[in-house]
2 protein chains.
Amino acid sequence: MVTPYRVKQLQMREEAILDVAHVLLGKYGYDAMTMDDVAAEVGIAKASLYKHFESKEKLAAKTMVRLFDRTVSELAAQKAPTAYEKLRDMLEWALRERLKGGIPHLPSTSSTLEQSLMTDEPYLASLFTLNAALSQLVDQAKGEGAIAKELPTDYIVTAIYARTCDPTLEYMQRGKTYSDDEIVRFMVNGFFGGIVRAQ
Amino acid sequence: MVTPYRVKQLQMREEAILDVAHVLLGKYGYDAMTMDDVAAEVGIAKASLYKHFESKEKLAAKTMVRLFDRTVSELAAQKAPTAYEKLRDMLEWALRERLKGGIPHLPSTSSTLEQSLMTDEPYLASLFTLNAALSQLVDQAKGEGAIAKELPTDYIVTAIYARTCDPTLEYMQRGKTYSDDEIVRFMVNGFFGGIVRAQ
DNA sequence: GTCTATAGTCTGATAGAC
DNA sequence: GTCTATCAGACTATAGAC
């Protein structure tokens, strides 16, 4: 018989580590985040950190996997009637997560991380699942006549990911001129409707 | 009488350093670019590098200043009749520069760099000039009725900058599925017209 | 060549589960 | 009381600014 207490403790600690990594990656980015930071913030020794994740890269990869899995769940939970509205709601959700300090969906801030992710199986699998779900929604929205067929689906999917690491978000937030709601509105409307004419 | 030869040599070397920094910053980003890389690529000793630029941050700042100044010149040279078309042409130019390996207009890939730039006077001055020119064009385009008045000018200006560091560009380019012309078209049309309906 | 930062390792002490 | 996980922190190795 196993001791579920120990196991549960370990799981909780792993969650805590991932929570901290999520915040710190969002705040500082991969390169500027140190493993000492993470350990200190969680309140554990660095050696314990390495009991859970064999490297900084694996920790970041796992954090991304959790984000992708959450995003897939979020997509599945969408109640909007059309694919177009689901996409809008999904982007709005992602932007609000980002405003709260979450990590972007693309590891665009670090080419070193990006390279190591490209060989991380769980990461690729999770990304693939999310990609499939998003591509399907975009194609559906095209079928509804809501989205321009001239733009390829893979371009649109990539562009949606890219919105979550769009520095416009931080610049607007830093400016303190606009509320979070306004920022999200500008970005969602700007992305779907463009900047030409009235919305 | 001064010795113009020596001076000219120095200026040429400084230009060469900035050219190399421009390419390497575009290729690897600030954090991943090393001063050893730069010195090696220019073909000079690292110590010589520090004769021209007292720090990596100053080198990056000067590279950005040169980019901003070039962008202002590019704006001034625009022949298009309307402000709206000038903005489109300017974005297209910036994206093509980026595709050729140039640096983005926002230092969004490195928060450490960003912080040091915020205290760099020449950088701020150059940025301010470019900002003023772009803001004026955007307001003009709003006056022409070409751009949605619902979106604040500072949001649009920031969003234009952000297009030049949009990772969508690299992802599309890496995919090899589309030509540079197609990628630029997707991004310019996507930005101005949005992704809704036909272009 | 020097110095700092940081990923990753190792050790001896300690606390708590059983 | 024993044992195992965890702790604090010293330590190594390396990279890179200067």
Side-chain angles (χ1 to χ4, degrees), chain A residues 1-25 27-64 107 109-117 119-120 123, chain B residues 10 13-14 16-18 20-25 27-64 103 107 109-117 119-120 123:
Chain A
M1 188 58 192
V2 289
T3 61
Y5 171 74
R6 286 269 173 82
V7 175
K8 212 170 177 182
Q9 285 290 79
L10 280 180
Q11 284 172 346
M12 280 180 58
R13 196 168 64 171
E14 191 150 317
E15 277 298 304
I17 295 169
L18 288 171
D19 288 343
V20 167
H22 185 93
V23 171
L24 294 185
L25 284 173
K27 204 168 169 183
Y28 303 119
Y30 178 76
D31 291 314
M33 178 189 81
T34 72
M35 293 297 264
D36 291 80
D37 285 345
V38 177
E41 187 70 25
V42 179
I44 60 173
K46 196 159 56 149
S48 306
L49 204 52
Y50 282 91
K51 287 270 178 215
H52 292 270
F53 303 97
E54 68 187 25
S55 70
K56 188 183 179 184
E57 286 167 352
K58 289 283 179 192
L59 170 57
K62 190 70 205 291
T63 311
M64 294 297 291
T109 41
S110 169
S111 52
T112 56
L113 173 62
E114 211 179 328
Q115 291 209 317
S116 89
L117 289 179
T119 61
D120 188 279
Y123 172 84
Chain B
L10 279 180
R13 195 167 64 171
E14 191 149 317
I17 295 169
L18 287 171
V20 166
H22 185 93
V23 171
L24 294 185
L25 285 172
K27 204 166 167 183
Y28 304 120
Y30 179 76
D31 291 314
M33 179 189 80
T34 72
M35 294 297 264
D36 293 78
D37 286 345
V38 177
E41 188 71 24
V42 179
I44 60 175
K46 212 167 21 160
S48 308
L49 203 52
Y50 281 92
K51 286 277 178 208
H52 291 270
F53 302 97
E54 67 188 25
S55 69
K56 186 183 179 184
E57 286 167 351
K58 288 283 178 191
L59 171 57
K62 190 70 206 292
T63 312
M64 295 297 290
I103 40 178
T109 40
S110 169
S111 52
T112 57
L113 173 61
E114 211 179 329
Q115 291 209 315
S116 89
L117 289 178
T119 61
D120 188 279
Y123 172 84

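Letters A, B, ... are given to chains in the order of the sequence lines, protein chains preceding strands, and every chain is numbered from 1.
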Interface residues of residues 37-46 of chain A with DNA chain C (non-hydrogen, below 4.0 angstrom)
A:K46
Just call it for A:A47: base, sugar-phosphate, or nothing, with non-hydrogen atoms closer than 4.0 Å on any strand.
base
Rounded to the Å, how far apart are [X] [atom1] and [N] [atom2]?
{"X": "A:D36", "N": "C:dT9", "atom1": "CG", "atom2": "P", "value": "14 Å"}
{"X": "A:K56", "N": "D:dA15", "atom1": "NZ", "atom2": "C1'", "value": "13 Å"}
{"X": "A:D31", "N": "C:dA7", "atom1": "CG", "atom2": "P", "value": "10 Å"}
{"X": "A:Y30", "N": "C:dT6", "atom1": "OH", "atom2": "P", "value": "13 Å"}
{"X": "A:Y50", "N": "C:dG8", "atom1": "OH", "atom2": "C1'", "value": "5 Å"}
{"X": "B:M33", "N": "D:dA15", "atom1": "CE", "atom2": "P", "value": "18 Å"}
{"X": "B:Y28", "N": "D:dA15", "atom1": "OH", "atom2": "C1'", "value": "16 Å"}
{"X": "A:E14", "N": "D:dA5", "atom1": "CD", "atom2": "C1'", "value": "16 Å"}

Report yes if some heavy atom in the side chain of [X] is under 4.5 Å from a heavy atom in the side chain of [Y]; otherwise report no.
{"X": "A:I44", "Y": "A:I17", "result": "yes"}
{"X": "B:K62", "Y": "B:H52", "result": "no"}
{"X": "B:T34", "Y": "B:Y28", "result": "no"}
{"X": "A:Y30", "Y": "A:S116", "result": "no"}

For A:Y50, ring pair (Phe, Tyr, Trp, His ring centres under 6.0 Å) partners two or more places apart:
none
Nearest 0.5 Å please: distance from the [atom1] atom of [X] over to the [atom2] atom of [Y].
{"X": "A:E57", "Y": "A:Y123", "atom1": "CD", "atom2": "OH", "value": "12.5 Å"}
{"X": "B:L59", "Y": "B:M33", "atom1": "CG", "atom2": "CE", "value": "5.0 Å"}
{"X": "B:L49", "Y": "B:E14", "atom1": "CG", "atom2": "CD", "value": "10.0 Å"}

Inter-axis angle, terminal five-pair segments of the helix from C:dG1-D:dC18 to C:dC18-D:dG1 [nearest 10°]:
10°
Between A:R13 and D:dA5, does any side-chain N or O lie under 4.0 Å from OP1 or OP2?
no
Just N and O in the side chain of A:S48: are any of them under 4.0 Å from OP1 or OP2 of D:dC7?
yes
Tell me the closest heavy-atom pair linking B:A16 and B:V42, and the distance in Å.
O-CG2, 4.2 Å
